[in-house]
Amino acid sequence: TYKLTGGYANMPSIIPSYIYAIFASVIISGLIIGASGAVTLNIKHEAEVKQLINIADYVRTKSTDIISHQPQESLSSTSYLNIPTSIGNQRYWIKLSNDSSKAWITAGFGTVITSSDKQLEIPFDAVASGEYVSGSGFALLKCDSDGSTTRLVLSGGQ
């Protein structure tokens with residue numbers, strides 16, 4: 001027999017095991033969804049970095065092409081670059097630079113040009129300068145030669 005105390009019969013105070021199983025399932029599901037999201041973001045980032053490197057390589061190829069077909073007289077060539085306005089939903093930048101021994105292309109994400117580890121060397125002796133920020137119109141690559149010096153300039157046109 002049960003005695004009523006405070007209006008309740010002697011109820012078990014242990015939560016049934018299926019309630020624990022539901023809570024554990026919710027926690028594990030949350031962890032799996034979070035981990036899947038992190039993996040997806042990492043794959044997306046790796047794909048965007050690869051696309052940025054591919055764009056920089058395309059600019060290097062076009063630079064090599066325009067320099068190698070440049071006549072030795074005082075002429076200039078201009079080439080429009082067929083590059084996307086963004087990678088994913090991010091803007092990016094490309095910059096041409098040189099020192100006394102080589103010219104190179106750097107690229108990075110954002111609209112502010114900073115240093116970057118994504119650097120590709122241009123295999124010609126040229127004075128390289130200029131920058132392009134995606135979303136600022138067409139990218140132009142201009143090559144001038146005066147017979148002794150080849151100048152390569154990257155710019156964003158309207």
Side-chain angles (χ1 to χ4, degrees), residues 19-158:
I19 302 259
Y20 288 126
I22 290 172
F23 285 133
S25 297
V26 168
I27 291 171
I28 290 172
S29 298
L31 290 172
I32 290 172
I33 290 169
S36 298
V39 168
T40 301
L41 285 176
N42 189 35
I43 291 170
K44 181 180 181 258
H45 177 72
E46 287 177 13
E48 289 172 344
V49 168
K50 179 69 174 155
Q51 187 174 2
L52 179 65
I53 292 169
N54 288 344
I55 291 169
D57 189 46
Y58 168 75
V59 173
R60 176 176 61 177
T61 301
K62 292 296 273 186
S63 299
T64 302
D65 186 48
I66 200 170
I67 290 172
S68 64
H69 292 97
Q70 182 69 22
Q72 295 300 317
E73 300 93 35
S74 296
L75 295 175
S76 67
S77 301
T78 302
S79 178
Y80 289 98
L81 300 176
N82 186 19
I83 55 179
T85 57
S86 64
I87 297 174
N89 53 1
Q90 296 186 68
R91 290 179 68 186
Y92 62 93
W93 55 266
I94 300 170
K95 182 178 179 181
L96 296 181
S97 304
N98 69 288
D99 60 17
S100 61
S101 64
K102 64 181 178 177
W104 64 88
I105 299 167
T106 52
F109 288 106
T111 57
V112 177
I113 297 173
T114 59
S115 63
S116 173
D117 61 343
K118 292 149 194 71
Q119 184 175 5
L120 299 172
E121 187 174 336
I122 299 171
F124 280 93
D125 185 25
V127 176
S129 63
E131 53 203 38
Y132 170 75
V133 177
S134 68
S136 63
F138 295 107
L140 299 171
L141 190 60
K142 184 177 181 182
C143 182
D144 293 316
S145 178
D146 62 10
S148 63
T149 303
T150 301
R151 287 175 296 284
L152 194 60
V153 178
L154 176 66
S155 63
Q158 304 316 329

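In what follows, every heavy atom counts, from backbone to side chain, and hydrogens, waters and symmetry copies are set aside. Keep in mind that what you see is a predicted model, and the values were worked out from it rather than measured.
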Exercise. Between Arg91 and Ser134, is there a donor-acceptor pair closer than 3.5 Å when you use the side chain of the first and the backbone of the second?
Worked result: yes
Seminar exercise, completed: In short, Cys143 meets Leu152 closest at the heavy-atom pair CB-CD1, 4.1 Å
Exercise. Does the side chain of Ile94 come within less than 4.5 Å of Leu81's, by heavy atoms?
Worked result: no
Problem set entry | Which atom of Phe124 lies closest to which atom of Thr64, heavy atoms considered | CE1-CG2, 3.2 Å
Problem set entry | Non-hydrogen atoms of Gln51 and Ile87 that approach each other most closely | OE1-CG2, 3.4 Å
Exercise. Hey, does Thr150 have a side-chain heavy atom less than 4.5 Å from the side chain of Asp125?
Worked result: no
Exercise. Does the pair Glu48/Lys44 count as a salt bridge with the N-to-O cut at 4.0 Å?
Worked result: yes
Problem set entry | Close side-chain approach of Ser76 and Lys142, heavy atoms under 4.5 Å | yes
Problem set entry | Side-chain heavy atoms of Tyr132 within contact of Val59, under 4.5 Å | no
For this session: Evaluate the side-chain proximity of Leu140 to Tyr80: yes if any heavy-atom separation is below 4.5 Å, no if none is.
Result: yes
Exercise. So, does Asp99 use its side chain to make a donor-acceptor pair with the main chain of Lys102 at under 3.5 Å?
Worked result: yes
For this session: Could you check if a side-chain atom of Val112 sits within less than 4.5 angstrom of a side-chain atom of Trp93, using non-hydrogen atoms only?
Result: no
Exercise. Within the side chain of Tyr58, is there an N or O that forms a donor-acceptor pair under 3.5 Å with the backbone of Asn82?
Worked result: yes
Exercise. Could you give the distance from CD1 (Ile105) to CG (Asp57), rounded to the nearest 0.5 Å?
Worked result: 8.0 Å
Problem set entry | Distance, nearest 0.5 Å, that separates CZ of Phe109 from OG of Ser86 | 10.0 Å
For this session: Examine distances only and state if a side-chain atom of Asn98 and a backbone atom of Ala128 form a donor-acceptor pair shorter than 3.5 Å.
Result: yes
Exercise. How far apart are the closest heavy atoms of Leu52 and Ala107, and which atoms are they?
Worked result: CD1-CB, 3.8 Å
For this session: Answer whether the closest heavy-atom distance between the side chains of Leu96 and Val153 falls below 4.5 Å.
Result: no
Exercise. Can you check whether Pro84 reaches Tyr92 side chain to side chain, under 4.5 Å on heavy atoms?
Worked result: yes
Problem set entry | Nearest atoms (heavy-atom pairs only) where Ala126 meets Ala103 | O-CB, 3.8 Å
Exercise. Between Ser97 and Lys95, what is the shortest heavy-atom contact and its length?
Worked result: OG-CE, 3.6 Å
For this session: Calculate, to the nearest 0.5 Å, the distance between atoms CD1 and CD1 belonging to Ile22 and Ile27 respectively.
Result: 12.5 Å
